[in-house]
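Have a look at the structure below before the remarks.
The sequence lines fix the lettering, A, B, ..., with proteins before strands; numbering per chain opens at 1. Basis for what follows: all heavy atoms, side chains included, without hydrogens, waters or symmetry-related copies.
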2 protein chains.
Amino acid sequence: MRANPEKPDTTKHDTTPEVSHVSDETLRGFIGYNMKRAFNFIQADLAQVLKPHDLRMVTFSTLVLIVDNPGMRQSQLADALAIERPNLVVILDELERRDLISRDRVPTDRRAHALKATFKGRRLFEKALRDVKDHEDRVMAKMGLDDRARVIAAMRLIEAE
Amino acid sequence: MRANPEKPDTTKHDTTPEVSHVSDETLRGFIGYNMKRAFNFIQADLAQVLKPHDLRMVTFSTLVLIVDNPGMRQSQLADALAIERPNLVVILDELERRDLISRDRVPTDRRAHALKATFKGRRLFEKALRDVKDHEDRVMAKMGLDDRARVIAAMRLIEAE
DNA sequence: TATTGTTATACTCTATAACTATA
DNA sequence: TATAGTTATAGAGTATAACAATA
């Protein structure tokens with residue numbers, strides 16, 4: 001497991017050898033480490049893709065869920081996004097200010113807001129979605145179609161404990 | 001792509017229907033979304049595993065790299081961890097205060113620090129490593145051995161653009 | 001009494017500029 | 001002049017408590 005089994009293990013403050021190449025072989029065996037690195041890469045690339053649309057990962061996901069689930073409440077959306085309700089409020093404030101979504105009172109429960117995408121919001125959704133699909137094809141370009149499906153299936157197995 | 005193709009698409013503020021189940025089918029098609037969810041699960045489980053050792057993900061990774069690369073400089077370690085040098089300083093401060101690592105001046109370049117794990121650091125490394133291996137077996141319990149290797153290989157393909 | 005959305009706040013992570021001591 | 005480590009700081013992202021309106 002150690003990097004240099006041939007080095008003397010004196011544990012004394014003798015001459016400290018310079019390290020020419022840093023080995024991460026122990027960490028490389030872990031799926032968590034490899035997933036973090038791969039996800040960091042995807043996240044950075046996706047951020048660049050969404051920037052021209054003035055969207056971040058979380059605002060894009062929010063817009064997608066609202067388009068796909070018109071009339072949804074904020075508490076339902078927060079659950080789906082796995083974020084806390086207070087943090088969703090500022091996200092929706094921004095999307096509403098940009099006229100991408102609307103917050104309408106639910107007649108049957110005046111505490112709740114029914115979320116809907118505006119026409120402008122659906123237009124932005126469609127444009128951004130095309131770019132995100134291109135981004136996905138790009139980051140998975142080196143993998144075969146069967147491997148892509150296998151990887152996604154594996155991810156879902158992991159989270160479904 | 002829409003959740004309810006049978007709903008009337010009036011786009012008017014008519015009676016807002018309650019949403020019974022939130023659909024994320026659009027996002028489910030993306031590897032980035034699935035990877036984020038899977039990684040969140042792994043991260044939460046790993047945090048619980050490391051907590052009894054008073055370690056976080058980043059302090060564990062730091063300790064592993066120092067054990068595997070004795071004599072390494074802080075700048076090399078920051079590169080390997082993909083974090084900025086200033087953020088590494090406080091991490092090393094903590095590990096040094098707990099007597100898990102040492103920072104020794106490099107005789108040939110008195111600007112640099114040679115990093116080494118102490119005996120106590122190596123002991124903690126070995127104990128934590130066993131728990132992390134158990135954690136990995138647990139989160140990948142539902143996958144076959146061939147799928148585990150395939151997923152890790154796919155991760156490395158993604159980040160190696 | 002419980003829930004929805006909200007405000008305020010705090011804590012972690014991460015990123016950048018500027019300093020010191022060495023090269 | 002450039003580099004290694006450091007300090008201070010600011011910005012994201014995330015989490016919790018408490019409030020008003022409503023159920």
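A distance of 12.0 Å separates CG in A/Leu63 from CD1 in A/Ile91, rounded to the nearest 0.5 Å.
A 4.0 Å heavy-atom criterion places the boundary nucleotides of DNA chain C facing chain B at C/dC13 to C/dA23, written 5' to 3'.
With a 4.5 Å cut-off on side-chain heavy atoms, B/Leu50 and B/Arg56 do not count as touching. In this structure, the side chains of A/Arg73 and A/Asp109 come closer than 4.5 Å at one or more pairs of heavy atoms. Looking at A/Leu115 and A/Arg103, their side chains come closer than 4.5 Å, going by heavy atoms from C-beta outward. Side-chain atoms of B/Asp24 and A/Asp68, non-hydrogen and from C-beta on, never get closer than 4.5 Å to each other. Taking 4.5 Å as the limit, every side-chain heavy atom of A/Glu159 sits out of range of all side-chain heavy atoms of B/Phe39.
Contact annotation for A/Asp109: backbone-only contact, meaning every heavy-atom pair under 4.0 Å involves sugar-phosphate atoms and none involves a base. Across all strands shown, A/Gln74 has heavy atoms under 4.0 Å from sugar-phosphate atoms exclusively, and none from any base. Across all strands shown, B/Arg85 has heavy atoms under 4.0 Å from base atoms, whether or not it also approaches the sugar-phosphate.
Each of D/dT7, D/dT14, D/dA17 was ranked by its minimum atom distance to the side chain of B/Lys36; first place goes to D/dT14.
Distance, A/Asn40 CG to D/dA12 C1': 15 Å, rounded to whole Å. Regarding B/Glu84, its CD atom lies at a distance of 18 Å from the P atom of D/dA10, rounded to whole Å. The nearest whole Å value for the distance from the CD1 atom in A/Ile83 to the C1' atom in D/dA12 is 14 Å. D/dT14 atom P lies 17 Å from atom CZ of B/Arg56, rounded to whole Å. For the pair B/Asp93 CG and D/dG5 C1', the interatomic distance rounds to 11 Å; values are reported in whole Å. Atom pair A/Leu88:CG and D/dG13:C1' shows a separation of 14 Å (rounding to whole Å applied). Whole-Å rounding puts the B/Leu115 CG to D/dA4 C1' distance at 12 Å.
Nearest-nucleotide mapping onto DNA chain D: of A/Arg110 and A/Ala82, the residue sitting toward the 5' end is A/Ala82.
Between B/Arg103 and D/dT6 there is a side-chain N or O to OP1 or OP2 distance below 4.0 Å.
Evaluation of atom-type donor-acceptor distances gives a pair under 3.5 Å for the side chain of B/Arg111 against the base of D/dT3.
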